[in-house]
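One structure below.
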Amino acid sequence: MIFVELFRLLFVLAGSAAGYEAGRTVNGSPHAPVIGLLLGAAISYVIGGAGGRLLDKGLQRAVFLFRNTPSGEIFAASIVSTTGMLMGLVVGLPVLALSRSGFALLAAAIASLVLAVLGWRLGSVKGREIVAAAGLSRILAPTPNLHPGHALLVDSSAIMDRFLLVLGRGGLLPDGMVIPQFVIDHVRSAAESPDPVVSRRALRGLESIEALRGMSVPVHVARDEVPEVDDPTLKLVTVARRVGLRIGTCSTAVVDEATRWELAVVDLREVARALTPDHLPGEVLSVELIKEGRQPRQAVGYLPDGDMVVVNDATHLIGEASVAVAVLSTQPTSQGLLVFAKLATDRQTTSRHTSGRSSRSLA
């Protein structure tokens, strides 16, 4: 926004100077220069604002093309920015030589501003290479303390789901996982949410971290802060690019953004969906019902693996720790598997217990 306003200011000054010069060419009217100055200022104010916003978006797009390069250093960005400003002055010198007017001077200033901003942004993303080329890597860009190459960088959606605990128990996290500090802070805030479902999932996530540590799974906390970025998704992918790790997530938005940045990402829900069979109609499950559903007399509960179960005609059992329900159908969603069920009959419950005893006998 500051760049847009500076661009508009310089454009207004240039437009005012151009209008004044045009008014001076009109013979016989002493007020023509003033009228020309006012018209030039008004027209350039509108055009400068629109042009500044378009130019700012263009510069951001230019930087976005370099998104996969390492983050630069302030020193490198300053050097490139200064070089860009000097290049703008060099470009403006021929114009100043041909036309010794205020308009030419302001045109050179605008060119210097644009190239200086572009140089700063390019220096921010190409800084590590520039510092290395200058032979100053050991001073200005020391080698970062990278985490184990096969560790998984996880976000809050992965922590608040069940999959990390399953992977840890199965020994599928040999190098552990890396959790950015801002992710832990987000999960702790969610644990204090007034929404009982969100709070429960967050508390389960925090408990799973401690459980993984108890299983001797390495859990690293990344102290990397990204104060220049507000969006949590962009924060995560920025840290992933810095440390060079795969992202483990249950968020579609994170998967899409990581794909745009061409970063390695693992959608844990897709993995679980491919490995976990659906609950078959008629299967009897034990579920804790915790709240009412959207339809009359519907109750909602969750299975131990986190899947939501909607049970018909069961509102009178809300608060029960273990309710036997029979599966009617299932539906995959972006949040996991949605199970529709009804209360199990005594016959179905007895059949389930008999089947369980038979299985243990065969074992």
Side-chain angles (χ1 to χ4, degrees), residues 147-148 150-227 229-240 243 245-255 257-258 265-273 276 286-291 300-309 319 321-322 333-337:
H147 301 285
H150 297 289
L152 203 61
L153 180 72
V154 298
D155 66 348
S156 57
S157 67
I159 292 175
M160 293 168 64
D161 224 309
R162 63 192 184 277
F163 303 120
L164 291 175
L165 195 57
V166 174
L167 293 174
R169 286 172 178 166
L172 299 177
L173 293 173
D175 289 318
M177 61 184 186
V178 177
I179 311 174
Q181 183 62 53
F182 57 82
V183 169
I184 295 179
D185 295 339
H186 178 265
V187 177
R188 286 174 178 167
S189 298
E192 300 176 357
S193 170
D195 188 329
V197 176
V198 174
S199 176
R200 179 179 178 181
R201 293 181 63 221
L203 288 172
R204 183 182 64 182
L206 294 174
E207 291 171 358
S208 68
I209 293 175
E210 296 304 319
L212 288 170
R213 285 184 172 136
M215 300 174 194
S216 299
V217 174
V219 178
H220 308 273
V221 177
R223 305 294 178 182
D224 305 68
E225 294 294 337
V226 192
V229 180
D230 295 326
D231 185 81
T233 300
L234 293 179
K235 276 180 177 286
L236 185 74
V237 295
T238 301
V239 172
V243 300
L245 295 179
R246 293 176 302 161
I247 299 174
T249 182
C250 296
S251 168
T252 303
V254 173
V255 172
E257 192 65 29
V265 60
V266 179
D267 189 340
L268 299 178
R269 289 193 181 275
E270 289 295 331
V271 175
R273 192 174 294 121
T276 305
S286 179
V287 62
E288 178 185 1
L289 301 178
I290 62 174
K291 64 178 181 178
V300 175
Y302 292 88
L303 295 173
D305 60 5
D307 289 332
M308 180 185 289
V309 183
S322 179
T333 68
S334 60
Q335 300 298 318
L337 192 66

Taking side-chain hydrogen bond (donor to acceptor under 3.5 Å, both in side chains) as the definition, give me every residue that meets it alongside [X], ordered by chain and number, with sequence neighbours left out.
{"X": "E207", "answer": "none"}
{"X": "S157", "answer": "D155, T249"}
{"X": "R213", "answer": "E210"}
{"X": "E192", "answer": "none"}

**Study point:** E257/D231 under side chain to side chain contact (heavy atoms under 4.5 Å, CB included): CA gap, chis, key distance, verdict
**Key:** CA-CA 11 Å; E257 192 65 29; D231 185 81; over 6 Å; no

Check your understanding: Does R188 have any side chain to side chain contact (heavy atoms under 4.5 Å, CB included) partners at least two apart in sequence or in another chain, and if so, which?
Key ->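 In terms of side chain to side chain contact (heavy atoms under 4.5 Å, CB included), with neighbours along the sequence ignored, R188 is linked to Q181, I184, D185, L206.
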
Check your understanding: Sequence neighbours excluded, which residues qualify as side chain to side chain contact (heavy atoms under 4.5 Å, CB included) partners of A190?
Key ->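 For A190 the side chain to side chain contact (heavy atoms under 4.5 Å, CB included) partners, ignoring immediate neighbours, are M160, V198, A202.
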
Check your understanding: Ignoring hydrogens and geometry, is there a side-chain-to-backbone donor-acceptor pair from S199 to P196 under 3.5 Å?
Key ->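 Pair absent, no side-chain N/O of S199 close to backbone of P196.
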
Exercise for review: Nearest 0.5 Å please: distance from the CG atom of L165 over to the CG atom of L212.
Suggested key: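 One gets 5.5 Å once the value is rounded to the nearest 0.5 Å.
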
Review point. What is the distance from atom CD1 of I209 to atom CG of L164, rounded to the nearest 0.5 Å?
Key: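 Those atoms lie 8.5 Å apart.
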
Exercise for review: Begin from the C-alpha positions of R200 and I290 and carry the test side chain to side chain contact (heavy atoms under 4.5 Å, CB included) through to its verdict.
Suggested key: CA-CA 11 Å; R200 179 179 178 181; I290 62 174; 3.7 Å; yes

Point to revise | Which atom of F182 lies closest to which atom of P232, heavy atoms considered | key: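 Distance-wise, the nearest heavy atoms are CE1-O, 4.4 Å.
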
